[in-house]
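So the structure is just underneath, and the comments pick up after that.
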Amino acid sequence: KMACLSCLLEYGTVKIIVIRNKAVGSVFRLIHYVCVVRKSYQVKDSVISTVTTKVKGTGFTNISGLGAHVWDVADYNIPPEGESSFFVLTNMIITPNQMQSSCPELPDQSTICMSDSDCTEGSSDVRGNGIQTGLCVNYSETVKTCEVLSWCPLEIDTDLPENPLLAAAENFTVLIKNTVTYPKFNFHKRNILPDVNSSYLKQCEFNRITDPHCPIFRLKDMVAEAEEDFQTMATRGGVLGILIDWSCDLDFPEHYCGPKYSFCRMDNKNPENNVAPGYNFRFAKYYKTTDDVETRTLIKSYGIRFDVIVFGTAGKFNIVPTIVNVGAALTILGLVSPVKSAVLGLGLTLFSSLCLLLLLLINYTNIQYVFCCQEYTGHLPDMVDLLQKDCIIDQQLQVLPRRSHPDWCLCGCCLPSNQPQEQLCCRRSIGRCITTSSQFGQLVLSRPVLEAVLLYREPLFELTEGEEQTAAFRHCVYRQYISWRFGVPPKESLPVMPSCSVWRIRELFPSKVGDYTGLRISRTRSPMSS
Ligand SMILES: *[C@@H]1O[C@H](CO)[C@@H](O)[C@H](O)[C@H]1NC(C)=O
Ligand SMILES: *[C@@H]1O[C@H](CO)[C@@H](O)[C@H](O)[C@H]1NC(C)=O
Ligand SMILES: *[C@@H]1O[C@H](CO)[C@@H](O)[C@H](O)[C@H]1NC(C)=O
Ligand SMILES: *[C@@H]1O[C@H](CO)[C@@H](O)[C@H](O)[C@H]1NC(C)=O
Ligand SMILES: *[C@@H]1O[C@H](CO)[C@@H](O)[C@H](O)[C@H]1NC(C)=O
């Protein structure tokens, strides 16, 4: 139980100052866990926000039926109020001069007729365009259909222009004004930052590298950031998310807290089948002819809907969670009993200052701290318990069966393999896959749990992106899975994991080159090996 005290404890900086002291070492290890890994010394609050938008730009079209036409913001931006979700029209099917009259229905199985007796006066089909008059009339030279009372001529929406009519929309810009509040901390801020002046705002344009704080975005750039092609997306329409992340650590000065923008396509660009792709809706413009007949131009509009989504949590130092979490962490690390830690908690005011001090040291002086500790072996259930309290499961738990799963696979989620040890299914009859269980998400895939376990084993582990990190995460997930399903395996042995779980894990933490060594037996690891 006293794992952390039983080895040499060291605390070092880049200047290689080494303090060999059990007490200091274990206190810093504790601070590291509570402060750096969990940030448990903070109270948290979620962001509240409002968004308004304003699109700018003009486009020109010259199409039959409409003639030469200049499109300004009032034409293509729907709705015009400038809400957090706005639509920019890029492609359309126009049906001009529609009037209330009668005309032949568009031909399909139920509307083609030979004589008037095939049509029923007064009947209407929800999928049709109007109310039948009971007559069977010429639709074309060869086809006759039932006549309907409707807005005539009817819209024929089968030939959508292959290139977006309003191609110029790629150069339109949008100004996004976003105000956020963290009510618990009485914190208010806009995405137009205090150092931005009006002359800058008039000509700036968002660029991740040169102008990351400019709130004016070119539509094409946003779509490109989401790794999509504007003209392709504009043809059939789509939905693009503009994500603004306001996550902040309010222990640092206010100007460190700013918006971080990212973009992603929200609708599925390649659905399993190609039915009903993109995004479109219809609207009409009404007017009266000189002889006072109500007439309209019907527009089936295709375009991109931009949804601005604001999210974030802020944390700020608070003594109460610090005491609670330090107490809990002490218990987990096996340093004190629960009863003692409750008593001890009250005397921990000093600890919170150490907490902040360590954070400041890490960020401002680039200190590297070294802890020596034995390999992590036990306490896992305790730790999971603690972490679960505010653990957010961010992995999608929904797992769809694979198209070509082998016969021996009863959950439908395995992949074929030649290796006998990779052909294991954990089910005896057809049914749900173990990877869809919530325990799989919580114990095996939860990011906070994994990070904590990794840092517990390897305090110097860098939680950055990279092939090596992904491999470490993958192996950590295997270990988590094994301790969840099998407990501690006997020496020099390794349980075989079901194929569905192995591949699910590999998908989430993939190896770029595609070589998977799996988990190797390592009983003789030295504590500081990397
Ligand atoms: C629009 O197109 C028509 C023929 O397609 C052409 O005669 C006319 O000049 C065009 N108008 C403009 C303003 O380009
Ligand atoms: C309908 O089409 C038929 C055959 O094409 C033609 O003989 C007839 O005159 C047409 N009726 C009307 C009202 O145009
Ligand atoms: C958008 O602007 C760029 C540069 O200003 C120009 O090269 C491009 O042709 C414009 N796109 C359209 C569709 O007009
Ligand atoms: C506005 O800000 C820009 C850059 O932030 C700066 O170069 C410029 O001098 C400022 N203009 C005024 C009038 O303050
Ligand atoms: C230290 O600074 C980095 C940016 O340089 C920041 O991402 C990180 O959150 C800071 N660390 C702490 C503990 O606040």
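Numbering starts at 1 and runs along the sequence shown. Just so you know, ligand 1 is whichever comes first in the structure, and atom 1 is the first atom listed for that ligand. Everything numeric here is computed off the predicted structure, so don't read it as measured data.
Listed by number with element, the atoms of ligand 1 under 4.0 angstrom from any heavy atom of A68 are 13 (C). Distances below 4.0 Å separate heavy atoms of A167 from the following atoms of ligand 3: 13 (C). Applying the 4.0 Å criterion to heavy atoms of N62 picks out, from ligand 1, the atoms 1 (C), 2 (O), 3 (C), 8 (C), 10 (C), 11 (N), 12 (C), 14 (O). Annotation for ligand 2: atoms under 4.0 Å from non-hydrogen atoms of E141 are 5 (O).
Side-chain polar atoms of E294 and Q100 form no donor-acceptor pair below 3.5 angstrom. Side chains of E147 and T133: a donor-acceptor N/O pair is present below 3.5 angstrom, by distance only. With no hydrogens or angles considered, a side-chain donor-acceptor pair links D108 and S110 at under 3.5 Å.
With contacts defined as side-chain heavy-atom distances shorter than 4.5 Å, the pair Y200/D211 qualifies.
Between C113 and C119 the SG-SG gap reaches or exceeds 2.5 angstrom.
When atom types are taken as modelled, the side chain of Q98 and the backbone of R296 share no donor-acceptor pair closer than 3.5 angstrom.
Salt-bridge check for E155 with K300: failed, with every basic side-chain N at 4.0 Å or more from each acidic carboxylate O.
Atom 11 (N) of ligand 3 lies below 4.0 Å from at least one non-hydrogen atom of the protein. Of the protein's heavy atoms, none falls inside 4.0 Å of atom 5 (O) of ligand 1. In this structure, atom 2 (O) of ligand 2 has protein heavy atoms in its sub-4.0 angstrom surroundings.
Here's the thing with E170: one of its N/O atoms is less than 3.5 angstrom from an N/O atom of ligand 3.
N171 ND2, 3.9 Å is the protein heavy atom nearest to atom 14 (O) of ligand 3. Nearest to atom 13 (C) of ligand 2 among the protein's heavy atoms is N138 ND2, 4.5 Å.
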